[in-house]
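Just below is one structure, and these are the notes that go with it.
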Amino acid sequence: MALGMIEVYGFTTAIVVADKVAKSADVKVVAIDKNKPANADKVEVPLVMVVKFEGGASEVAAAMDAGVAEAEKRNLFITSKLISRQSEEIEWFANLSALGKDKLRNTEKEEN
């Protein structure tokens, strides 16, 4: 399983990038994480976000290209990274998020 990460400025940008990533290839967005940089008071958008997604290596690469292009279109792209075969330890970290457990709710209806 490959892991893609796209770092951007701003929550709204992260949501738009996650949407583009999910619609552009057969990948699963596993987390959207946040980080307030040390120099947040001096930057125009003080919140750094990371969109994390998994899938096959070629699908993650295609999704990353689409997501990076979306962030660059808004001039809010920071960096991106693709890990083509993540280890179990990295997979565990990839699912961590400072946003809380409700960030990506299971949308399947519970059967009674």
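What you are looking at is a predicted structure, and each value in this text was computed from that prediction instead of being measured.
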For Glu59, all residues meeting salt bridge (Lys or Arg N to Asp or Glu O under 4.0 Å), sequence neighbours excluded: none
Test side-chain contact (heavy atoms from CB on, under 4.5 Å) applied to Ala2 - qualifying residues, sequence neighbours left out: Ala57, Val60
Qualifying residues under salt bridge (Lys or Arg N to Asp or Glu O under 4.0 Å), relative to Asp26, sequence neighbours excluded: none
Rounded distance [0.5 Å steps], NZ in Lys73 versus NZ in Lys20: 5.5 Å
Side-chain heavy-atom pair Tyr9, Leu47 within 4.5 angstrom cut-off: no
Closest non-hydrogen atom pair, Ser24 against Ala62: OG-O, 4.3 Å
Ala14: partners by side-chain contact (heavy atoms from CB on, under 4.5 Å), with sequence neighbours left out: Val8, Ile32, Met49, Val51
Pairwise distance CE(Met5) to CD(Glu54) - rounded to 0.5 angstrom: 10.5 Å
Side chains of residues 75-82: which donor-acceptor partners sit under 3.5 Å, not counting sequence neighbours?
none

